[in-house]
Amino acid sequence: MYVTLDLIKSLELEVITRLIDIAGKYEPNILEQVNPSQFLGIELNPRAAAIAELVIWIGHLQWHFKRFGNVYPPEPILRKFDNIQHRDAVLAWDDIEAATDTKTNKPRTRWGGRTIKHPVTGEDVPDDKDQISIYNYINPRPVQWEEADYIVSNPPFIGNFRMRELLGDGYTEALRKVYKDVPDTVDYVMYWWHKAAELVRLGKVKRFGLITTNSISQVKQRKVIEFHQKQKKAIKLIFAIPDHPWVDGGAAVRIAMTAAKLFTSKEFASPHLGLVALENKGKTPEESAEQVKVDYQNVGEIFSDLKVGADVSDAKKLKANTKLSSRGMEMRGSGFLLTKQQAITFNDNEVGSTPEVIKKYLSGRDITGSSRELYTIDLFGISIEQVQKLYPKIYQWIYERVKPERDMNSRKASRENWWIYGEARATFRPALKDLKRYIVTVETAKHRVFLFLNRDVTPDNMLIVMALDDAYFLGVLSSRIHVNWSLAAGGRLEDRPRYNKTVCFDPFPFPKSTAEQTQKIRELGEKLDKHRKKVQAQHSGITITGMYNLVEKLRAQQPFTEADKAYNNKALVSTLKQIHDEIDAAVFEAYGWEANISDSEILEKLVALNAERAEEERNGLVRWLRPEYQAPNEVKTQRVINQATLETSETAATTIQKKTFPKKSKEQLSAIRDLLRSRGGEWTLEQIIAQFKLTKKQKEIIADHLESLEWFNVLAKSEKDGVTHWHYPELASILNHQSEQ
């Protein structure tokens with residue numbers, strides 16, 4: 001608040017100075033000046049509330065003596081405005097009472113976090129005697145803020161996963177219950193953002209500006225921003241710095257700054273986007289802050305991901321990519337992990353013959369850095385009775401090391417199924433079943449790298465898994481085109497990019513490559529994966545991070561140090577960059593785009609292509625990546641993304657769901673045309689009728705509509721064995737041309 005007062009007083013002085021320049025004089029009225037009564041605040045800590053109010057008065061008096069010299073301010077010098085309120089800023093309630101379990105009628109509690117040494121293993125396990133009471137909040141409701149013109153705030157930096165721990169289960173549950181428009185997955189700070197945006201949309205506040213963590217641009221957080229940007233009375237971001245260094249309680253963090261107002265069509269001022277161009281670490285936080293340089297630019301629109309240009313955040317999920325990506329396994333218990341030696345001890349001193357429930361395990365740090373050669377116990381699909389009977393040693397191991405921790409878990413399923421991973425990815429496992437390998441990328445990492453893992457490796461929760469074994473897909477994902485997309489769509493955690501499969505993989509439109517282009521990318525994908533694994537196998541100190549640090553240097557044309565040169569000689573980084581350059585060229589060719597277009601142009605083209613694919617899918621054409629897995633029972637008339645062939649058969653044109661047939665004649669003609677245009681191939685009258693929900697009368701007019709479309713040269717027909725077939729001529733000629741090639 002003091003900073004705000006200081007800036008407003010500076011602005012006031014600027015106005016006064018300007019008035020003197022114009023009018024030649026200015027008659028001050030001390031009582032009409034900016035003063036502490038105009039600055040309202042809410043503070044939960046009573047001591048902090050009192051200090052904040054005192055600091056505001058000190059700042060005001062400093063400005064008074066700076067402006068009026070030794071003239072004493074009007075008495076009383078300090079006034080009791082009570083403008084700093086001592087209360088919660090987002091939640092109000094009437095009373096708090098101890099929560100009771102409705103089944104047992106006992107007080108609800110949770111583990112308090114204290115650990116004790118296990119008598120057998122000697123490891124730290126939860127102390128079940130350390131219990132914290134859970135409370136119910138009576139009549140919880142959103143708090144009402146005082147009337148104001150502008151809102152400026154730096155709310156508490158509490159992440160979603162720590163809200164229950166720091167705020168209490170009862171408070172967190174009440175907060176999520178009363179703010180129905182705010183997703184339960186957001187950080188605490190987003191409740192301030194939502195409330196401020198709501199007041200702007202209601203016309204009760206002119207503008208607001210908040211300092212938040214830079215995670216505000218991540219998928220789960222930015223849903224709050226999207227909500228207010230897409231309402232009938234929408235807000236408009238007028239200022240944003242997506243990523244800025246900050247110090248919170250002595251810890252270095254990354255923050256974002258956002259400001260918004262009500263959107264109006266008559267608005268002419270351009271929003272300002274600030275990007276940190278330079279930051280150096282000083283001896284103190286104040287010195288560090290002074291050395292931060294931000295470059296500002298006027299932009300057309302700032303989207304919910306705090307970016308400009310193509311609106312990647314508005315891209316639609318594609319059916320073609322469904323069922324093929326997921327996070328890895330979330331164990332929810334460190335006792336599932338084994339060292340290599342521990343894995344050996346479970347069966348005859350031979351890792352290769354250990355029980356099939358013991359598997360190799362890799363996390364993000366194992367992939368980007370040096371592997372710790374860990375194993376994991378995966379008991380998915382096995383009852384606890386079977387575990388005890390088939391694997392008695394393993395049963396005792398997890399009973400001693402996993403169960404104590406799971407017994408304290410707040411989730412009922414985690415407590416009852418304590419021998420199974422917390423998130424075992426039951427619905428995703430079938431996607432990996434028939435594969436010998438699959439693609440992974442580390443969710444949060446400095447460099448966006450994709451690589452193959454063998455099927456016998458269990459991926460950690462912090463890995464994003466793609467159930468694809470074709471190196472063609474590895475090549476496309478590793479290209480500049482996809483990496484650029486993922487960096488724009490995925491957000492950041494502090495200073496590291498995040499790969500969120502929901503926005504990075506699911507909406508991504510893969511190219512329609514020819515057979516030759518597909519094979520070329522496939523070979524380069526294999527070459528890339530083998531190159532990295534070969535140099536890592538030959539030199540134990542070579543890491544993915546180390547290799548791509550030098551790739552970045554090469555791309556930036558920065559000189560190598562002697563250490564860099566020695567590393568390059570082992571890791572063959574120049575060769576690695578060359579392979580990536582070849583992949584980029586091949587993928588650009590597959591998309592049919594010029595290789596020298598800018599990153600922003602790439603995003604614009606991908607957003608447009610995503611919209612095109614989404615429209616195709618609405619019309620029934622889905623370019624499945626793995627059709628034999630994703631849609632085994634769907635139509636055979638399907639252009640497979642990795643093939644340049646089109647299968648057709650009379651029995652192939654049956655869809656799973658029939659489309660509703662329009663009522664108006666013009667729309668009926670369009671529906672028939674769109675069906676044949678999007679699906680391709682030749683269709684009989686019966687096959688076309690089978691695609692729609694039709695009345696008896698509507699069935700009779702389909703033939704007339706087909707004749708009309710042929711007369712207008714929209715459709716063409718041919719006779720085969722006495723049966724009339726219809727097709728869309730433009731698509732047919734394209735497909736024939738491809739087959740000739």
Side-chain angles (χ1 to χ4, degrees), residues 314-320 322 507 509 512 592 605 607-624 627 631 633-641 643-740:
D314 200 40
K316 303 296 185 290
K317 293 182 183 179
L318 300 177
K319 292 181 182 178
T322 55
K512 294 185 290 186
K605 288 179 178 292
V607 169
L609 185 56
N610 168 269
E612 180 183 316
R613 295 286 174 80
E615 178 64 24
E616 284 182 349
E617 293 186 348
R618 283 191 290 273
N619 290 324
L621 175 59
V622 182
R623 303 176 186 276
W624 304 106
N633 299 320
E634 285 217 6
V635 294
K636 295 178 183 176
T637 307
Q638 191 64 255
R639 291 190 65 195
V640 183
I641 195 168
Q643 299 175 357
T645 62
L646 181 71
E647 301 175 9
T648 58
S649 69
E650 290 191 8
T651 61
T654 304
T655 57
I656 299 300
Q657 292 183 337
K658 292 186 177 183
K659 298 176 180 295
T660 301
F661 199 60
K663 294 181 179 180
K664 295 182 179 180
S665 179
K666 183 178 178 181
E667 294 174 355
Q668 291 172 351
L669 290 166
S670 298
I672 297 171
R673 177 204 62 194
D674 291 344
L675 171 68
L676 272 63
R677 180 169 62 179
S678 62
R679 295 290 184 85
E682 297 184 337
W683 297 66
T684 65
L685 174 62
E686 290 74 18
Q687 289 172 340
I688 294 171
I689 289 174
Q691 302 304 300
F692 299 103
K693 297 177 182 177
L694 300 169
T695 64
K696 184 177 179 180
K697 186 177 181 180
Q698 287 176 328
K699 288 181 180 179
E700 295 172 355
I701 64 174
I702 292 287
D704 294 335
H705 283 335
L706 289 169
E707 296 292 342
S708 298
L709 290 168
E710 185 206 9
W711 191 85
F712 285 111
N713 293 322
V714 175
L715 299 181
K717 70 177 180 179
S718 60
E719 299 288 334
K720 291 184 180 180
D721 300 324
V723 179
T724 302
H725 291 75
W726 305 85
H727 66 269
Y728 188 73
E730 180 181 333
L731 182 58
S733 64
I734 293 172
L735 295 174
N736 290 334
H737 177 66
Q738 287 184 345
S739 63
E740 291 171 3

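What you see is a predicted model, and the numbers here were worked out from it, not measured in a lab. Just so you know, residue 1 is the first one in the sequence shown, and it goes up from there.
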Of all heavy-atom pairs linking S708 and L669, the shortest is CB-CD2, 4.4 Å
**Request:** Before accepting this row, confirm whether a basic side-chain N of the pair R618/E615 lies closer than 4.0 Å to the acidic partner's carboxylate O.
**Result:** yes
With sequence neighbours left out, the residues meeting side chain to side chain contact (heavy atoms under 4.5 Å, CB included) with K316 are D314, N610, A614
- [ ] Using atom types as modelled and distance alone, determine if a side-chain donor or acceptor of E617 lies under 3.5 Å from a backbone N or O of A320.
- [x] yes
Self-check item: Side-chain touch L715/Y728, heavy atoms, less than 4.5 angstrom
Solution: yes
In this structure, CG of L621 is separated from NZ of K319 (nearest 0.5 Å) by 11.0 Å
inquiry  = Do Q668 and I701 make a side-chain contact, defined as non-hydrogen atoms from C-beta onward lying under 4.5 Å apart?
reply    = yes
Using the side chain to side chain contact (heavy atoms under 4.5 Å, CB included) rule, take Q698 and F692 through it: C-alpha gap first, then chi angles, then the decisive distance, then the call. CA-CA 10 Å; Q698 287 176 328; F692 299 103; over 6 Å; no
Check your understanding: Are any of the side-chain heavy atoms of L685 and T724 separated by less than 4.5 Å?
Key -> no
Closest heavy-atom pair, S665 versus H705, reported as atoms and distance to 0.1 Å, is OG-CE1, 3.6 Å
Quiz item: Are the side chain of E667 and the backbone of P662 linked by a donor-acceptor contact shorter than 3.5 Å?
Solution: no
Between the NE2 atom in H725 and the NZ atom in K717, the distance rounded to the nearest 0.5 Å is 13.0 Å
Inset, instruction - Report yes if some heavy atom in the side chain of I672 is under 4.5 Å from a heavy atom in the side chain of F661; otherwise report no. - result: yes
message = For W726 and L709: C-alpha separation, side-chain torsions, deciding distance, then whether side chain to side chain contact (heavy atoms under 4.5 Å, CB included) applies.
response = CA-CA 10 Å; W726 305 85; L709 290 168; over 6 Å; no
Here the gap from I688 atom CD1 to K699 atom NZ, rounded to the nearest 0.5 Å, amounts to 14.5 Å
